[in-house]
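What follows is one structure encoded as structure tokens, with my remarks underneath.
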Amino acid sequence: MQPDYTPKDIEAAAQQHWEEQQAFRAREDSPKPKYYCLSMVPYPSGKLHMGHVRNYTIGDVLARYHRMKGYNVMQPMGWDAFGLPAENAAMANNVPPAAWTYSNIAHMKRQLKSLGLGIDWSREVTTCRPEYYRWEQWLFTRLFEKGIIYKKTATVNWDPEDHTVLANEQVIDGRGWRSGALVEKREIPMYFFRITQYAEELLQGLDTLDGWPEQVKTMQRNWIGKSYGVRFAFPYTLDGKDEKLWVYTTRADTIMGVTFCAVAAEHPLATHAAKNNPQLTAFIEECKRGGVAEADIATMEKKGMPTGISVTHPLTGEQIPVWVGNYVLMRYGEGAVMAVPAHDERDFGFAKKYGLAIKPVIAPRHAFRSSIGVAENEKLVSVAELRMKPILVDPAWFDKNKWRDEYAEFGYAYGSPTSFEGLNGLSSSEAVDFIATELAQLHLGEKKVQFRLRDWGISRQRYWGCPIPIVHCTTCGDVPVPDDQLPVVLPENVVPDGAGSPLAKMPEFYECTCPKCSGKARRETDTMDTFVESSWYYARYASPNCTTGMVDKQAAQQWLPVDQYIGGIEHAILHLLYARFFHKLMRDEGLVQGDEPFKNLLTQSMVVAPTFYRDDTAGRKLWINPVEVEVKTDDRGRPVGATLKADGQPVIIGGTEKMAKSKNNGVDPQAIIDQYGADTARLFMMFAAPPDQQLEWSDAGVEGAFRFLKRLWNLAHAKKHNVTIYFKDPSFNDAYLSIMDGEPKNAYREINAALKQANFDIGRLQFNTVVSACMKILKTLERSMLFGTSTANTQVPVIAKGLSTLLRLLSPITPHICQTLWKELGYGDDILSAPWPEVDKAALVQDEIELVIQVNGKLRGSLRVAKDADKATLEQLALAHEAVQKLLAGGTAKKIIVVPGRLINVVI
RNA sequence: GCCGGGAUGGCGGAAUUGGUAGACGCGCUGGACUCAAAAUCCAGUGUCUGUGAGGAUGUGAGGGUUCGAGUCCCUCUCCCGGCACCA
């Protein structure tokens with residue numbers, strides 16, 4: 001055995017060993033229970049980044065742990081290979097997206113392999129390959145025929161200079177990122193997935209996902225946004241015709257407080273009103289400027305303009321003015337809203353700005369006064385009292401000059417017109433029922449359940465994506481491409497130019513004949529949203545090379561659902577919702593069983609690093625990579641400044657931010673692997689933070705991780721002979737462990753206590769404290785090297801057992817060094833097939849325990865007592881304690897609280 | 001703006017879920033080894049106060065519940081993720 005830890009050699013050897021053994025091949029014929037461990041598919045951006053290393057290490061730790069726990073593990077890997085960055089890289093380097101993507105994949109695959117991940121590479125899937133996307137096209141045609149996919153128009157960001165549709169991230173401050181032109185909204189036809197048809201099921205299904213973080217389920221629930229409201233109409237007459245302006249509200253109880261309505265700029269009513277109103281026309285044009293991103297629309301200044309049209313309040317008959325509002329979106333609900341400034345903060349702001357009426361009609365209970373006439377009596381009335389007497393509400397409760405959140409809360413109705421007196425005194429929810437009934441009688445409205453979730457538009461006017469398998473025929477309409485003509489292959493030798501869709505400029509692609517009538521037809525040139533590929537890849541891994549269908553049904557049944565899914569929290573809503581949706585689509589096609597694709601979900605947070613910069617002469621920030629900077633500290637370790645290593649001159653310390661090109665604070669994992677080895681990189685990643693917290697990069701922390709592995713190696717090297725003796729001498733059996741005493745017994749207890757904690761923590765996916773437990777075990781073993789000078793043998797079983805425990809516990813995190821030492825010390829050939837270490841419960845038993853003494857909850861001392869001392873004894877001992885006596889000063893204790901095994905609190 | 005999170009020493013974080021705050025690691029300080037340095041090992045290290053035993057104080061800010069609060073409740077501040085065409 002070598003005396004020094006040389007990660008390069010041992011990692012290469014271990015990886016070769018696994019490769020030769022085909023150690024990570026998932027077996028279809030295993031009798032063991034299956035465990036499908038999946039990390040979110042990476043986008044092949046070029047180089048592995050720290051986020052990948054973190055994600056895949058977490059996955060690998062779980063995969064290896066479950067393997068040792070006796071599962072038949074499948075951990076696959078693939079590439080989410082379509083997408084925008086490839087087009088951008090293509091334009092920048094004049095290389096086709098396909099070539100760029102494939103070369104990135106080759107490089108990243110080598111990098112992943114050097115991390116020592118236990119991946120079954122025989123299942124590799126690449127989404128831009130026709131063998132993969134042909135099944136996506138197949139499903140598309142099936143869903144198109146079933147009506148799950150349909151066509152309608154949608155609003156997109158339009159760059160009028162480049163004549164191209166822009167992604168939201170390509171719109172910067174309302175301008176196109178390349179052209180700098182002001183972006184406009186434009187309506188174009190698109191294909192949509194009818195995800196709203198599954199809204200209820202997607203919502204209900206969340207309740208079955210016990211293995212998902214509550215926060216993710218909450219986010220999805222809110223995103224789906226089921227609401228119970230009332231859809232109703234404001235009648236009006238236009239050009240002699242009777243019309244209705246439909247709106248939807250969840251607060252029908254406030255209907256008496258409606259003082260205006262607001263419609264979207266694209267609403268027919270707005271269009272009509274603008275005909276003879278140039279000012280309004282100009283305003284509507286203004287509303288069409290800017291992008292479609294909801295975050296921008298929601299944060300922009302709310303503006304409006306009257307249409308001059310009024311509608312009739314369906315209950316009171318009042319005339320209600322209609323405004324055009326830039327914050328009302330045509331794609332939501334009806335494209336029109338009722339406005340109740342008194343009870344909606346946004347409407348309140350709008351009304352204040354334009355001097356519109358504010359009319360409170362719902363008040364909290366504290367605003368109601370007894371009608372007996374004791375005006376100054378602030379006593380609150382009861383609901384029963386409210387119902388009995390004429391309603392009196394102190395008008396001072398509402399201040400028309402200043403919004404308070406209270407105004408939007410549920411309360412009790414008041415101030416209704418005489419014809420609706422029955423409304424007064426009703427609670428908000430009763431009022432909703434009352435009003436819904438009234439509206440229904442007038443045939444002007446009804447209760448309605450609505451979802452916030454919208455149908456999923458998947459058409460993209462881009463080149464590097466899966467072609468939509470539709471042929472447009474002037475006689476037959478939109479015709480899906482028949483199975484035997486799939487896949488519609490995307491040509492791979494194209495370099496896009498950023499202006500419009502390249503496929504639409506390629507007659508060789510779009511010229512075709514109609515599959516139905518054989519007439520001349522035009523192929524669809526839009527491609528699919530790349531979220532589509534990543535919505536079903538998890539199922540493809542079960543049978544990655546299946547040529548007869550999207551999945552092999554039997555393989556899918558064997559491997560699905562995914563037992564553990566791991567990925568970034570940023571995917572909490574869109575990707576995870578779309579994948580859940582796709583699973584139900586595939587289920588309804590009879591391809592997969594079960595209702596949900598991912599049984600357990602772990603959402604990992606991002607990797608951040610410090611930032612450093614200098615201001616250049618133009619006042620811009622020049623970002624400097626952390627590896628080029630040296631931070632100076634004072635003698636307490638507080639940072640006092642930083643200098644550039646190259647010139648020794650100061651640099652400015654910025655904040656700690658997500659590793660990103662724009663801040664030049666990325667640390668290349670390859671450099672870390674090259675310098676310290678994969679095990680060190682993995683160990684640091686697992687130790688620095690629990691998965692769901694952001695992880696701060698630290699060079700010093702990496703060195704600490706490396707130091708730990710060196711210590712582990714040194715210990716194993718120094719104690720190899722002890723392990724050899726242990727295996728040779730039959731007297732070191734389990735009976736020996738039970739008669740140990742003194743320091744060896746103590747050390748053995750510590751090791752088992754640490755193991756117990758580690759097993760608990762691995763179960764709750766908190767790997768940083770698993771590492772900390774390993775560090776404690778190592779420390780104990782290092783200390784045990786010093787046991788007794790003459791009775792050296794007493795340490796033998798502790799060392800042998802302890803090292804065995806430590807290596808197995810650590811092996812999912814740092815597999816290479818553990819495999820090497822496992823074999824070198826003679827525990828076995830393959831640590832992968834060793835069983836997971838179990839706690840020796842007998843070792844944990846202690847005769848005496850330490851209890852903490854508190855006085856009034858404050859720590860005042862401690863006490864060593866027999867482990868089974870009874871409560872009365874403990875109380876006596878606590879009262880007799882020196883510190884307690886001092887504080888009692890002769891008085892008596894009011895109360896004594898004994899928490900078994902923890903503390904005694906004397907209250908005085 | 002809306003939805004979901006987070007905040008604990010100089011730093012990353014721990015506290016088995018209401019019971020000894022700061023485990024483990026980094027950094028820093030002192031010491032050992034060395035001609036010297038690196039590496040390694042040993043000891044110390046929240047803050048304030050005290051020669052010391054000790055005392056006081058302390059988990060973003062402010063209030064509350066409790067014998068006892070980092071943990072539960074209310075109000076607020078700042079930071080992060082998502083917002084439907086980045087993936």
Side-chain angles (χ1 to χ4, degrees), chain A residues 40-43 45 80 83-85 154 156-157 165-171 213-216 218-219 221-223 225 292-300 302 327 345-346 453-454 456-462 529-531 534 568-575 577-578 603 605-606 608 633-639 655 657-658 684 687-690 692-705 707-708 710-711 714 756-757 760-761 764 766 768-769 771-776 779 850-859 862 894-897 899 902-903 905-908:
Chain A
M40 284 184 188
V41 64
Y43 178 79
S45 54
D80 184 20
L84 210 47
V156 295
N157 303 308
V165 177
L166 297 177
N168 283 335
E169 80 158 2
Q170 297 174 317
V171 179
E214 213 48 57
Q215 70 161 285
V216 174
T218 305
M219 280 192 263
R221 272 188 202 106
N222 292 340
W223 184 262
V292 298
E294 176 165 325
D296 297 335
I297 291 164
T299 46
M300 73 187 176
K302 315 245 171 323
Y327 64 96
E345 189 172 6
R346 208 165 50 166
L453 181 70
R454 308 197 300 267
W456 174 16
I458 53 140
S459 295
R460 299 289 180 268
Q461 300 66 46
R462 303 195 195 292
D529 181 359
T530 55
F531 269 125
S534 56
I569 183 67
E570 66 272 21
H571 297 293
I573 297 175
L574 292 179
H575 162 63
L577 190 68
Y578 292 149
T603 47
S605 192
M606 62 198 173
V608 299
T633 59
D634 65 10
D635 60 5
R636 267 186 162 150
R638 283 184 288 236
E657 305 196 42
K658 179 175 178 169
F684 170 73
F687 181 55
D692 58 354
Q693 279 183 42
Q694 66 175 34
L695 184 149
E696 188 172 320
W697 183 259
S698 148
D699 289 327
V702 174
E703 283 183 33
R707 253 196 311 261
F708 170 74
K710 273 196 289 190
R711 273 168 56 204
N714 291 341
K756 187 181 173 190
Q757 177 230 307
F760 174 79
D761 289 338
R764 58 174 181 156
Q766 188 174 284
N768 54 332
T769 47
V771 175
S772 137
C774 291
M775 288 171 167
K776 284 180 192 168
K779 228 178 191 174
E850 187 166 289
L851 285 188
V852 162
I853 305 289
Q854 290 184 342
V855 175
N856 289 344
K858 273 198 176 139
L859 177 68
S862 68
K894 271 190 211 155
K895 199 172 168 187
I896 303 176
I897 291 145
V899 182
R902 290 217 177 255
L903 58 78
N905 185 13
V906 181
V907 185
I908 63 176

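Lettering of chains follows the sequences in order, A, B, ..., and the numbering in each one begins at 1.
Looking at A:D761, its side chain never comes within 3.5 Å of a backbone N or O of A:Q766 through a donor-acceptor pair. In this structure a side-chain-to-backbone donor-acceptor pair under 3.5 Å is present from A:N905 to A:G857. Here the side chain of A:Q757 pairs a donor or acceptor atom with the backbone of A:T769 at under 3.5 angstrom.
The interatomic distance linking A:K779 (NZ) with B:C41 (C1') rounds to 12 Å, in whole Å. Per the geometry, CD1 belonging to A:I908 stands 13 Å off P belonging to B:G68, to the nearest Å. Protein atom CD of A:E570 is 13 Å distant from nucleotide atom P of B:A87, rounded to whole Å. Taking atom NZ on A:K710 and atom C1' on B:A38, their separation rounds to 11 Å, with Å as the unit. Counting to the nearest Å, the C1' atom of B:G13 and the CG atom of A:L695 are 10 Å from each other. Taking atom NE2 of residue A:H575 and atom P of nucleotide B:C85, one finds them 15 Å apart after rounding to whole Å. When the P atom of B:G81 is taken as reference, atom NE2 of A:H571 falls 13 Å away, rounded to whole Å. Atom CH2 of A:W223 is separated from atom P of B:C2 by 16 Å (rounded to the nearest Å).
Taking the side chain of A:R462 as heavy atoms from C-beta on, and the options B:C85, B:A23, B:G1, the nearest nucleotide is B:C85. Closest to the side chain of A:Q215, from the set B:C83, B:G4, B:G19, is B:G4. When the nucleotides B:G4, B:A84, B:G1 are ranked by their closest atom to the side chain of A:T218, B:G4 comes out on top. Checking B:C67, B:C83, B:A87 against every side-chain atom of A:L84, the shortest atom distance belongs to B:A87. The nucleotide whose nearest atom lies closest to any side-chain atom of A:A689 is, among B:U16, B:C86, B:G13, B:G13. Here B:C85 is the nucleotide among B:G27, B:G19, B:C85 with the atom lying nearest to any side-chain atom of A:D529. Checking B:C85, B:A23, B:A84 against the side-chain heavy atoms of A:T769 singles out B:A23 as nearest. Proximity note for A:F760 (side chain, C-beta onward) versus B:U16, B:C80, B:C86: the nearest is B:U16. Listed nucleotides B:G19, B:A84, B:G81 differ in distance to A:Y578; the shortest reach to its side chain belongs to B:A84.
Syn is the conformation of B:U17, whose glycosidic angle sits no further than 90° from 0. B:G81: glycosidic angle beyond 90° from 0, hence anti.
Among the protein residues, A:R454 comes within range of the nucleic acid bases, having at least one heavy atom under 4.0 Å from a base atom. Within the nucleic acid shown, A:S862 has no heavy atom closer than 4.0 Å to any nucleic acid atom. Contact annotation for A:P690: backbone-only contact, meaning every heavy-atom pair under 4.0 Å involves sugar-phosphate atoms and none involves a base. Across all strands shown, A:L453 has heavy atoms under 4.0 Å from base atoms, whether or not it also approaches the sugar-phosphate. Among the heavy atoms of the strands lying under 4.0 Å from A:V907 are primed sugar atoms or P, OP1, OP2 only; no base atom is included. Contact annotation for A:T603: no contact, since no heavy-atom pair falls under 4.0 Å across all strands. Looking at heavy-atom distances under 4.0 Å, A:V156 makes contact with a base. Counting any heavy atom pair closer than 4.0 Å across all strands shown, A:D80 reaches sugar-phosphate atoms only and no base atom. Residue-level contact check: A:F708 touches neither bases nor backbone, having no heavy atom under 4.0 Å from any strand. Using a 4.0 Å heavy-atom cutoff across all strands shown, A:A688 reaches sugar-phosphate atoms only and no base atom. A:Q757 comes within 4.0 angstrom of no nucleic acid atom, judged by non-hydrogen atoms across all strands. If you check every strand for non-hydrogen atoms under 4.0 Å, A:V608 touches nothing. Using a 4.0 Å heavy-atom distance criterion, A:M606 is classed as a sugar-phosphate-only contact. Contact annotation for A:R711: backbone-only contact, meaning every heavy-atom pair under 4.0 Å involves sugar-phosphate atoms and none involves a base.
Checking the phosphate oxygens (OP1, OP2) of B:A15, a side-chain nitrogen or oxygen of A:R764 falls inside 4.0 Å. At the phosphate of B:G12, neither OP1 nor OP2 sits under 4.0 Å from any side-chain N or O atom of A:Q693. For B:A39, the OP1/OP2 oxygens have no side-chain nitrogen or oxygen of A:R707 closer than 4.0 Å. Look at A:N168 and you'll find a side-chain N or O under 4.0 angstrom from OP1 or OP2 of B:A84. Proximity of A:K858 to the phosphate of B:U57: a side-chain N or O atom is located under 4.0 Å from OP1 or OP2. Note on A:K302: every side-chain N or O is 4.0 Å or more away from OP1 and OP2 of B:G1. Between A:Q766 and B:A15 there is a side-chain polar atom (N or O) within less than 4.0 angstrom of OP1 or OP2. The phosphate of B:A14 has OP1 or OP2 within less than 4.0 Å of a side-chain N or O from A:N768. A close approach under 4.0 Å does occur between a side-chain nitrogen or oxygen of A:N222 and OP1 or OP2 of B:G4. Residue A:R460 places at least one side-chain N or O closer than 4.0 Å to OP1 or OP2 of B:C85.
The same atom, P, is picked in B:A23 and in B:A15; the two are 13 Å apart, to the nearest Å. Using atom P as the reference point in both B:U59 and B:A7, the two lie 14 Å apart (nearest Å). B:U71 and B:G1 are spaced 27 Å apart, taking the P atom of each and rounding to whole Å. Remark: the separation of the P atoms in B:A61 and B:G10 is 13 Å, to the nearest Å. Annotation: B:C26 and B:C86 have their P atoms spaced 42 Å apart (nearest Å). For B:C48 and B:C3, the C1' atoms lie 43 Å apart once the distance is rounded to whole Å. Of the C1' atoms belonging to B:G70 and B:G60, the separation is 12 Å, rounded to the nearest Å. B:G46 and B:C11 have their C1' atoms separated by 13 Å, given to the nearest Å.
Nearest heavy atom pair, residue A:L84 against residue A:A167, reads CD2-CB, 3.9 Å.
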Is there a side-chain contact (heavy atoms from CB on, under 4.5 Å) between A:M775 and A:F687? Walk through the geometry before answering. CA-CA 11 Å; A:M775 288 171 167; A:F687 181 55; 3.9 Å; yes
Using ring-ring contact (aromatic ring centres under 6.0 Å, His included), reason through A:F531 and A:W456 one step at a time and then give a plain yes or no. CA-CA 10 Å; A:F531 269 125; A:W456 174 16; 7.0 Å; no
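In this structure, NZ in A:K776 is found 11.0 Å from SG in A:C774, a value given to the nearest 0.5 Å.
Pairs of Watson-Crick or G-U wobble type, with distances under 3.5 Å, assemble into runs of 3 or more in RNA chain B at these ranges: B:1-7 with B:77-83, B:10-12 with B:24-26, B:27-32 with B:40-45, B:46-49 with B:54-57, B:60-64 with B:72-76.
Between A:K756 and A:Q170, the residue whose closest nucleotide on RNA chain B is further toward the 5' end is A:K756.
Between the base of B:C85 and the side chain of A:Q461 there is a donor-acceptor pair shorter than 3.5 Å.
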